[in-house]
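Structure first, then comments.
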Amino acid sequence: FCSANIDRINKVETSITWEVNINGTGWNELTTTPVTIYCLLKTPQYQWDKSVMKPWIKALDYMIDAVKDCDSEEKLYQKVTESINGTKKLKYCSRSYYAGDKMNLTQYLEDLNSESEVNVNCADCGTLVTTFCNLFGGDLQDVCIAPLEPNLEDGFAYNSIRLIGE
């Protein structure tokens with residue numbers, strides 16, 4: 001993984017040729033190994049304690065086409081949000097299927113490969129955006145929004161909702 005001195009997110013398929021020089025007799029090629037290099041905006045971190053997050057190849061590969069060539073956190077956030085909200089397989093529901101104490105990204109990626117619709121709610125989508133952005137070097141955090149006036153019958157005012165996947 002490369003995160004130093006890059007100017008945009010990228011995935012590079014290349015190879016490394018291994019050589020050996022025994023007793024100064026000259027370099028001899030041993031083998032060539034294919035490698036994949038992921039260039040990120042910066043080192044991925046967990047949102048709560050900022051410890052280093054180990055990049056997850058399956059998750060990076062799922063989102064790389066949407067975020068390739070992003071050169072700023074703002075562009076990354078926009079592209080990930082558009083990708084999540086534009087996933088036609090998603091169906092909005094009232095309960096959370098993936099977000100909770102921890103993000104169940106494994107289950108989400110598996111469900112996307114199934115034949116059925118993938119149920120999500122606002123917490124799922126927000127946590128998906130945060131998780132994918134932070135995997136690529138973003139710096140987002142999930143927060144819970146509560147009404148300022150707890151006695152409001154309907155909670156708090158909000159704009160009209162455009163359902164995910166529509």
Side-chain angles (χ1 to χ4, degrees), residues 1-90 96-143 164-165:
F1 295 89
C2 62
S3 62
N5 299 322
I6 63 163
D7 63 351
R8 64 194 67 250
I9 294 172
N10 201 3
K11 176 182 175 180
V12 178
E13 305 279 349
T14 189
S15 61
I16 297 175
T17 300
W18 301 91
E19 297 178 340
V20 64
N21 185 343
I22 300 173
N23 298 325
T25 59
W27 289 99
N28 296 304
E29 185 176 319
L30 292 176
T31 189
T32 299
T33 307
V35 295
T36 302
I37 300 169
Y38 293 85
C39 300
L40 313 174
L41 293 180
K42 60 185 176 185
T43 303
Q45 297 179 348
Y46 288 105
Q47 61 174 314
W48 294 283
D49 62 9
K50 301 301 181 193
S51 62
V52 174
M53 181 190 307
K54 295 178 182 174
W56 185 5
I57 302 304
K58 190 172 185 178
L60 292 174
D61 282 342
Y62 170 76
M63 190 60 67
I64 191 70
D65 288 338
V67 300
K68 189 174 181 178
D69 294 327
C70 287
D71 59 0
S72 69
E73 289 181 13
E74 291 76 21
K75 288 179 185 175
L76 171 65
Y77 303 158
Q78 177 185 350
K79 294 295 185 180
V80 169
T81 302
E82 289 171 354
S83 177
I84 298 293
N85 290 340
T87 304
K88 297 296 182 193
K89 229 179 151 171
L90 300 185
S96 175
Y97 283 80
Y98 307 102
D101 291 342
K102 294 183 178 181
M103 175 67 199
N104 193 347
L105 191 56
T106 299
Q107 188 63 55
Y108 175 75
L109 293 172
E110 287 174 5
D111 289 351
L112 283 176
N113 288 322
S114 72
E115 296 296 321
S116 60
E117 292 179 323
V118 176
N119 291 319
V120 293
N121 72 358
C122 293
D124 292 324
C125 290
T127 305
L128 284 166
V129 168
T130 299
T131 300
F132 279 112
C133 286
N134 290 354
L135 276 171
F136 284 94
D139 188 16
L140 295 180
Q141 293 182 350
D142 292 327
V143 294
I164 297 165

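Computation of the quantities below employed the complete heavy-atom set of this structure, encompassing side-chain atoms and omitting hydrogens, waters and symmetry-equivalent molecules. None of the values given here were measured: they were computed from a predicted structure.
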Could you grab the distance from atom [atom1] of [X] to atom [atom2] of [Y], nearest 0.5 Å is fine?
X      : Y      : atom1 : atom2 : result
Ile16  : Thr33  : CD1   : OG1   : 7.0 Å
Thr36  : Glu13  : OG1   : CD    : 3.5 Å
Ile84  : Cys125 : CD1   : SG    : 7.0 Å
Lys79  : Asp69  : NZ    : CG    : 10.0 Å
Glu117 : Lys88  : CD    : NZ    : 12.5 Å
Asn10  : Leu40  : CG    : CG    : 10.5 Å

Return the set of residues passing side-chain contact (heavy atoms from CB on, under 4.5 Å) with [X] (not counting sequence neighbours), or none when no residue passes.
X     : answer
Thr14 : Val12, Val35, Ile37
Glu73 : Leu41, Lys42, Tyr77, Asp139
Lys75 : Cys70, Asp71, Ser72

Any non-hydrogen side-chain atom of [X] less than 4.5 Å from a side-chain atom of [Y]?
X      : Y      : answer
Val67  : Phe132 : no
Leu109 : Trp56  : yes
Arg8   : Cys39  : no
Pro44  : Asn134 : no
Met63  : Leu135 : no
Val120 : Thr87  : no

So which heavy atom on [X] is nearest to which on [Y], and how close?
X      : Y      : result
Asp142 : Gly126 : OD1-O, 3.5 Å
Asn121 : Ser96  : ND2-N, 3.0 Å
Asn113 : Lys89  : C-NZ, 4.1 Å
Ala99  : Thr127 : CB-OG1, 3.5 Å

side-chain hydrogen bond (donor to acceptor under 3.5 Å, both in side chains) evaluation trace for Glu82 with Gln78: CA-CA 6 Å; Glu82 289 171 354; Gln78 177 185 350; 3.0 Å; yes
Output side-chain donor-acceptor pairs under 3.5 Å for residues 22-32, partner residues at least two apart or in another chain, one line each.
from: Thr25; atom 1: OG1; to: Ile22; atom 2: O; distance (Å): 2.8
from: Thr32; atom 1: OG1; to: Thr17; atom 2: OG1; distance (Å): 3.4

Parallel, tilted or perpendicular: rings of Tyr108 and Tyr98 (30°, 60°): perpendicular
All side chain to side chain donor-acceptor pair (under 3.5 Å) counterparts of Asn104, not counting sequence neighbours: none
Pairing residues for Glu19 by the salt bridge (Lys or Arg N to Asp or Glu O under 4.0 Å) criterion, not counting sequence neighbours: none
side-chain hydrogen bond (donor to acceptor under 3.5 Å, both in side chains) between Asp61 and Tyr38, intermediate numbers included: CA-CA 9 Å; Asp61 282 342; Tyr38 293 85; 2.5 Å; yes
Worked verdict on Leu128 versus Val80 for side-chain contact (heavy atoms from CB on, under 4.5 Å): CA-CA 9 Å; Leu128 284 166; Val80 169; over 6 Å; no
Tyr97 and Asp111: CA distance, side-chain angles, deciding distance, side-chain contact (heavy atoms from CB on, under 4.5 Å) verdict: CA-CA 11 Å; Tyr97 283 80; Asp111 289 351; over 6 Å; no
